[in-house]
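This report concerns only the one structure given below.
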Amino acid sequence: MRKIKLDTFPVGGLHGIINVPGDKSISHRALMIGAISEGQTVINHFLWSQDCRSTLNALRQLGVTILENKEQVIVHGEGIGSLKSPEQSLEMGNSGTTTRLLMGLLAGTNFTSSLQGDESLSQRPMKRVADPLSKMGAKIATTKRGTLPAVVTGSKIHGTNIQLQVASAQVKSAVIFAALQADAPMTVTEKLPTRNHTELMLRKFGADITTQSDQKTINIKPVDKLRGQVINVPGDISSAAFFLVAAAIVPNSKVLLKNVSLNPTRTGILRVLEQMGANFRIFYKENKDESYGDIEIRTSSLKSIRIAENDIPALIDELPLVALLAACADGVSEIRGAAELRVKETDRITTVIQELSKLGVLINELPDGMVIHGRKSWETNTNVLDSHGDHRIGMMMAVAALRTDQELYLNDSGAIAVSYPSFFVDLKSLLNGRS
């Protein structure tokens with residue numbers, strides 16, 4: 001388990017420009033949709049993370065030809081129904097997105113696939129995907145606990161109406177992928193609107209998918225053919241969020257983040273920053289597909305906030321950072337309706353509280369969230385922090401360390417490579433920047 005020394009309070013603040021890595025959600029989907037399309041799909045600014053590599057390697061096991069270089073990934077798709085039976089179990093690594101979306105993609109094939117993951121992923125719930133897919137005729141077997149390993153036996157998929165019980169873009173996307181292979185049109189209704197990268201991208205590739213005005217109801221028609229496209233992946237706002245928060249809470253800071261995804265279903269962290277009084281500006285750029293732009297942020301005086309269930313889908317990945325913002329704000333903040341945090345790479349309610357408490361932050365645990373008591377200065381009671389094998393917890397604590405002047409170390413820092421392999425390099429560039 002790798003332990004590293006963390007950078008702590010930078011007297012001069014954080015300064016510089018960051019081009020954050022490509023969006024993880026979009027990178028996953030571009031690979032999968034390219035794999036079932038006809039012709040060549042070129043993916044620019046692909047995210048070279050462990051999770052996205054899991055998707056790439058699994059698709060190669062399914063017979064898809066994928067070429068790669070430093071600048072691009074090129075997928076040579078052969079169309080719907082072209083995936084081939086894998087010779088061995090598909091290895092999911094730590095990637096929940098790979099696992100859940102592939103279940104939908106594999107549901108309508110004419111062969112059987114086995115999916116397995118690492119110890120952490122094997123604790124995460126997969127029944128939430130298997131249940132709606134089974135209503136469409138899919139045959140998916142998991143453990144008694146509804147976890148990996150799983151076996152997907154390709155079956156005839158029937159068009160029907162599905163009401164999703166969990167607000168999850170991964171579950172929705174799995175159902176949409178299966179619906180493309182169905183024998184009739186179908187409708188999917190979400191509990192709450194979630195990120196819509198799958199719908200946007202499939203339309204670009206030629207699928208007939210419409211979203212109703214409530215933003216929760218999606219109509220999908222089966223497709224005979226999708227056509228390969230060029231996908232320009234914007235920077236991941238979930239990765240950018242770590243530097244947005246760092247600049248907001250570290251005195252004397254000014255940071256510019258370039259070409260960041262500004263998809264409205266993903267910008268909950270920006271709405272939180274606005275409500276808390278953060279000092280930032282957005283510079284939108286024209287784009288026919290996914291919205292993107294630059295974000296400039298400076299040190300800010302923050303006020304407390306209340307996060308409710310309806311807010312959660314647009315910032316589920318950023319909630320640990322919201323807790324950190326609240327810990328630096330004036331007043332008491334609350335996060336509620338976030339029980340989904342308990343089934344991420346770790347129980348992120350427990351781990352956030354455990355790790356921030358080490359820095360002297362007062363947080364009370366709720367079944368579905370937490371209450372955070374903000375304060376200007378903390379009293380660190382240990383010098384060893386822990387990612388718990390969770391990339392987002394690791395990065396959040398590296399940002400939190402910038403608010404202290406104590407010597408601090410982080411256990412299991414390698415987990416960060418799951419989504420942001422160059423995180424510490426980019427952080428160091430801001431520490432070495434000049435105002």
Side-chain angles (χ1 to χ4, degrees), residues 23-36 46-64 66 68 73 75 83-109 111-134 138-154 166 168-178 197-198 238 317 340 343-346 388-392 412 414-421:
D23 187 277
K24 185 153 77 86
S25 295
I26 296 173
S27 294
H28 280 300
R29 287 158 173 81
L31 285 172
M32 292 189 190
I33 296 173
I36 60 171
F46 179 80
L47 174 61
W48 292 110
S49 69
Q50 291 175 3
D51 273 8
C52 292
R53 280 242 176 236
S54 291
T55 294
L56 189 151
N57 292 334
L59 290 171
R60 282 178 170 160
Q61 284 186 264
L62 291 164
V64 182
I66 304 175
E68 59 185 87
V73 173
V75 184
L83 299 180
K84 298 175 177 60
S85 178
E87 295 181 0
Q88 298 178 331
S89 293
L90 300 173
E91 179 53 60
M92 303 291 98
N94 187 245
S95 181
T97 303
T98 306
T99 308
R100 292 176 177 134
L101 270 62
L102 270 184
M103 284 182 174
L105 209 60
L106 295 168
T109 63
F111 54 82
T112 297
S113 308
S114 298
L115 288 72
Q116 62 185 24
D118 67 11
E119 183 179 357
S120 171
L121 183 62
S122 298
Q123 305 302 314
R124 297 173 66 183
M126 298 300 160
K127 198 170 184 292
R128 56 179 54 189
V129 181
D131 283 352
L133 289 176
S134 68
K139 297 178 181 177
I140 301 176
T142 64
T143 68
K144 291 182 179 179
R145 295 181 296 119
T147 57
L148 292 183
V151 176
V152 181
T153 303
V166 180
S168 165
Q170 293 178 0
V171 177
K172 174 182 67 173
S173 296
V175 170
I176 290 174
F177 281 160
H197 301 304
T198 300
S238 294
D317 289 335
E340 184 70 9
V343 291
K344 292 293 185 178
E345 283 83 339
T346 59
H388 298 267
D390 187 328
H391 55 125
R392 299 201 191 279
D412 204 359
I416 290 170
V418 162
S419 65
Y420 199 157

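Any value given below was found using the heavy atoms of this structure, including those in side chains, with hydrogens, waters and symmetry copies removed.
A 4.5 Å side-chain heavy-atom check between Trp48 and Leu56 finds at least one atom pair inside the cut-off. Between Leu148 and Met126 there is a side-chain heavy-atom pair separated by less than 4.5 Å. Residues Ser238 and Arg392 are in side-chain contact: their nearest non-hydrogen atoms beyond the backbone lie under 4.5 Å apart. Residues Ser114 and Pro149 form no side-chain contact, since every pair of their non-hydrogen atoms from C-beta on lies 4.5 Å or further apart. In this structure, the side chains of Leu31 and Val75 come closer than 4.5 Å at one or more pairs of heavy atoms. The side-chain heavy atoms of Gln61 and Gln88, taken from C-beta on, include a pair separated by under 4.5 Å. Taking the side chain as every heavy atom from C-beta outward, Leu115 and Leu106 approach each other to under 4.5 Å.
Between His391 and Ser419, the shortest heavy-atom distance links the atoms ND1-OG, 2.7 Å. The two residues Val151 and Thr112 have their closest heavy-atom pair at CG1-CG2, 3.5 Å. Contact record, Ala415 with Asp390: CB-N, 4.0 Å, taken as the closest heavy-atom pair. Of all heavy-atom pairs between Met103 and Ile140, the closest is CB-CD1, 4.3 Å. In terms of heavy atoms, Arg100 sits closest to Pro125 at NH2-O, 2.6 Å. Gly117 and Glu91 get closest at one heavy-atom pair: CA-OE2, 3.6 Å.
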Working for side chain to side chain contact (heavy atoms under 4.5 Å, CB included), residues Phe111 and Leu83: CA-CA 9 Å; Phe111 54 82; Leu83 299 180; 4.0 Å; yes
Derivation and outcome, side chain to side chain contact (heavy atoms under 4.5 Å, CB included), residues Ile66 and Arg60: CA-CA 7 Å; Ile66 304 175; Arg60 282 178 170 160; 3.9 Å; yes
Stepwise side chain to side chain contact (heavy atoms under 4.5 Å, CB included) test for Leu102 and Met32: CA-CA 8 Å; Leu102 270 184; Met32 292 189 190; 4.0 Å; yes
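Side-chain N/O atoms of His197 and Ser25 include no donor and acceptor closer than 3.5 Å. Judged purely by distance below 3.5 Å, without hydrogens or angles, the side chains of Ser173 and Thr198 pair a donor atom with an acceptor atom. In the model, Glu345 has no side-chain atom that pairs as donor or acceptor with a side-chain atom of Ser120 under 3.5 Å. No side-chain donor-acceptor contact under 3.5 Å links His388 and Thr346.
Between the NE2 atom of His28 and the CG atom of Leu101 there is a distance of 8.0 Å, given to the nearest 0.5 Å. Distance check, rounded to the nearest 0.5 Å: CG of Leu90 to OG1 of Thr98 gives 10.5 Å.
By the 4.0 Å N-to-carboxylate-O rule, Lys24 lies close enough to Asp51 to be salt-bridged with it.
Residues that satisfy the side chain to side chain contact (heavy atoms under 4.5 Å, CB included) test with Ala174, not counting sequence neighbours, are Val129.
Crowding of Lys139 atom NZ: a count of heavy atoms from other residues, nucleotides or ligands under 6.0 Å not exceeding 12.
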